[in-house]
Visitor: 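Take a look at the following structure, please.
One-based numbering along the sequence shown. Computed from a prediction, not measured in an experiment: that's the story for all the values here.
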Amino acid sequence: MHQFGALPAYAAADDEAVSVLVAGNVVLWDEISTADPKPWKLEVFDAARRWARHRGL
């Protein structure tokens, strides 16, 4: 997701730190969408999974 590179904190983070963030995001949204499967929560979970796949996680 190239647009995040414009954010100073994201641009300064090393690759491992970003991968940890992305992996944690998937776990978080999996739990949230499982507990309350509203469509928008499922969409955010799907976006988190796509980001992880994009990064090869």
Visitor: Partners of R49 by side chain to side chain contact (heavy atoms under 4.5 Å, CB included), sequence neighbours excluded?
Guide: V26, F45, D46, R53
Visitor: Could you list the donor-acceptor pairs under 3.5 angstrom formed by side chains in residues 15-23, with sequence neighbours left out?
Guide:
| unit_1 | atom_1 | unit_2 | atom_2 | d |
| --- | --- | --- | --- | --- |
| D15 | OD1 | R55 | NH2 | 2.5 |
| S19 | OG | D15 | O | 3.2 |
| S19 | OG | R55 | NH2 | 3.2 |

Visitor: Tell me whether L28 shares a hydrophobic cluster with V44, the cluster being built from Ile, Leu, Val, Met, Phe, Trp, Tyr side chains joined at under 4.5 Å.
Guide: yes
Visitor: Which distance, rounded to the nearest 0.5 Å, do you find between the CG of D30 and the CG of L42?
Guide: 10.0 Å
